[in-house]
Amino acid sequence: MDDPRTTLIDLAAAGGTSLAALSRMLGRNPAYIQQYVHRRSPRTLEEADIAALARFFGVDPVRLGAVAAPSWWRVKRLDIAVSAGPGALIDAEVVTGTDLLDPGLARRLGLQPDRAAIVRVRGDSMEPGLREGDHILVDTADRHPGPRGGIFVVRIDGTVMVKRVALHAGVPRARSDNPLAPPLPDAPVELIGRVVWQMRAPV
């Protein structure tokens, strides 16, 4: 098997992505990946970092140094481009594949097997928190805003969106984070699942 460091260098070069950009994607200092591949410090990447890099490059985490691959969660990737703008009318949720999720992260997020999905954000009405092209991990078992509310994938008047939801007199109400976004339809809000994780490609 190829050295995970060599694999990472090759994948970054093929994708035109710098090691510094990958480090920033992981929330690390810009030299983190460079030190890993060239100075072997750290000696291994954390499982969550391996999982994020594997999702970004679309490869098996084992190629990047993951162990115990069978324990990794497989999460459905849906073809819905969840709209943070006017919304996307869909007839059905179609699975286009699966992504691998670090089981430790899944446990920390409280996810249940087969009750999660990954979808892509479209539009700017949830900026600055969510941007066009972000991928979000949705806990489809959690459809309860609770007293503090949260960000949910919702369906309003047949249209699927990602919005901030809070309860008002026990009824879920949705709104956009971007004050310049157009108003939402005046219709009941159906909760599809809570957004529990966000993934953004490095720039």
Side-chain angles (χ1 to χ4, degrees), residues 1-69 72-85 96-109 111 116-139 151 153 162 164 176-178 180-181 195-203:
M1 181 180 295
D2 292 338
D3 183 345
R5 292 173 174 81
T6 301
T7 299
L8 186 53
I9 293 172
D10 291 344
L11 289 170
T17 304
S18 71
L19 299 182
L22 293 175
S23 297
R24 288 192 294 270
M25 179 186 72
L26 299 174
R28 304 282 189 168
N29 72 73
Y32 175 67
I33 296 295
Q34 185 172 3
Q35 291 173 345
Y36 164 70
V37 299
H38 295 301
R39 300 182 182 179
R40 296 181 177 270
S41 176
R43 293 183 62 184
T44 60
L45 296 176
E46 293 185 6
E47 285 188 358
D49 292 339
I50 293 174
L53 291 168
R55 284 194 301 269
F56 175 70
F57 288 115
V59 300
D60 189 326
V62 172
R63 294 186 60 193
L64 298 177
V67 295
W72 288 65
W73 282 38
R74 290 194 174 273
V75 179
K76 294 182 297 183
R77 184 173 62 250
L78 303 181
D79 72 347
I80 307 168
V82 175
S83 178
T96 61
T98 59
D99 284 313
L100 295 175
L101 184 66
D102 170 28
L105 175 61
R107 287 192 296 270
R108 289 196 298 273
L109 296 175
L111 297 176
I118 292 175
V119 293
R120 184 176 61 83
V121 174
R122 181 178 60 194
D124 62 2
S125 73
M126 290 299 289
E127 288 188 353
L130 294 177
R131 301 178 186 171
E132 171 89 28
D134 285 355
H135 285 77
I136 52 177
L137 179 59
V138 182
D139 181 357
I151 297 178
V153 173
V162 56
R164 189 171 299 278
S176 302
D177 281 354
N178 186 342
L180 300 179
V195 176
V196 295
W197 195 257
Q198 173 188 359
M199 294 160 277
R200 179 171 296 167
V203 295

Audit row: I136, I151, side chain to side chain contact (heavy atoms under 4.5 Å, CB included) steps and yes/no:
CA-CA 11 Å; I136 52 177; I151 297 178; over 6 Å; no
Show your working on side chain to side chain contact (heavy atoms under 4.5 Å, CB included) between L22 and F57 and close with a plain yes or no.
CA-CA 11 Å; L22 293 175; F57 288 115; 3.9 Å; yes
Yes or no on side chain to side chain contact (heavy atoms under 4.5 Å, CB included) for I50 and D102, after CA distance, side-chain angles and deciding distance?
CA-CA 8 Å; I50 293 174; D102 170 28; over 6 Å; no
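Of the possible donor and acceptor atoms, one in the side chain of Q198 sits under 3.5 Å from a partner among the backbone N and O of G129.
Atom NZ of K76 and atom CD1 of I118 lie 11.5 Å apart (nearest 0.5 Å).
The environment of CZ in R28 is crowded: more than 12 heavy-atom neighbours from other residues, nucleotides or ligands sit within 6.0 Å.
The side-chain heavy atoms of L19 and H38, taken from C-beta on, include a pair separated by under 4.5 Å.
Applying the salt bridge (charged side-chain N to carboxylate O under 4.0 Å, His left out) rule to D99 yields the partners R77; only residues at least two apart in sequence or on another chain are considered. In terms of the salt bridge (charged side-chain N to carboxylate O under 4.0 Å, His left out) criterion, D139 has no residue partners (sequence neighbours excluded). Shown here are the salt bridge (charged side-chain N to carboxylate O under 4.0 Å, His left out) partners of R40, two or more places apart in sequence or in another chain: D3. Scored by the side chain to side chain contact (heavy atoms under 4.5 Å, CB included) test, A13 finds no partners at all (sequence neighbours excluded). Listed by chain and number, the residues in a salt bridge (charged side-chain N to carboxylate O under 4.0 Å, His left out) with R55 amount to none (sequence neighbours excluded). The side chain to side chain contact (heavy atoms under 4.5 Å, CB included) check on L109 picks up L105, L111, L137, V196, W197, with sequence neighbours excluded.
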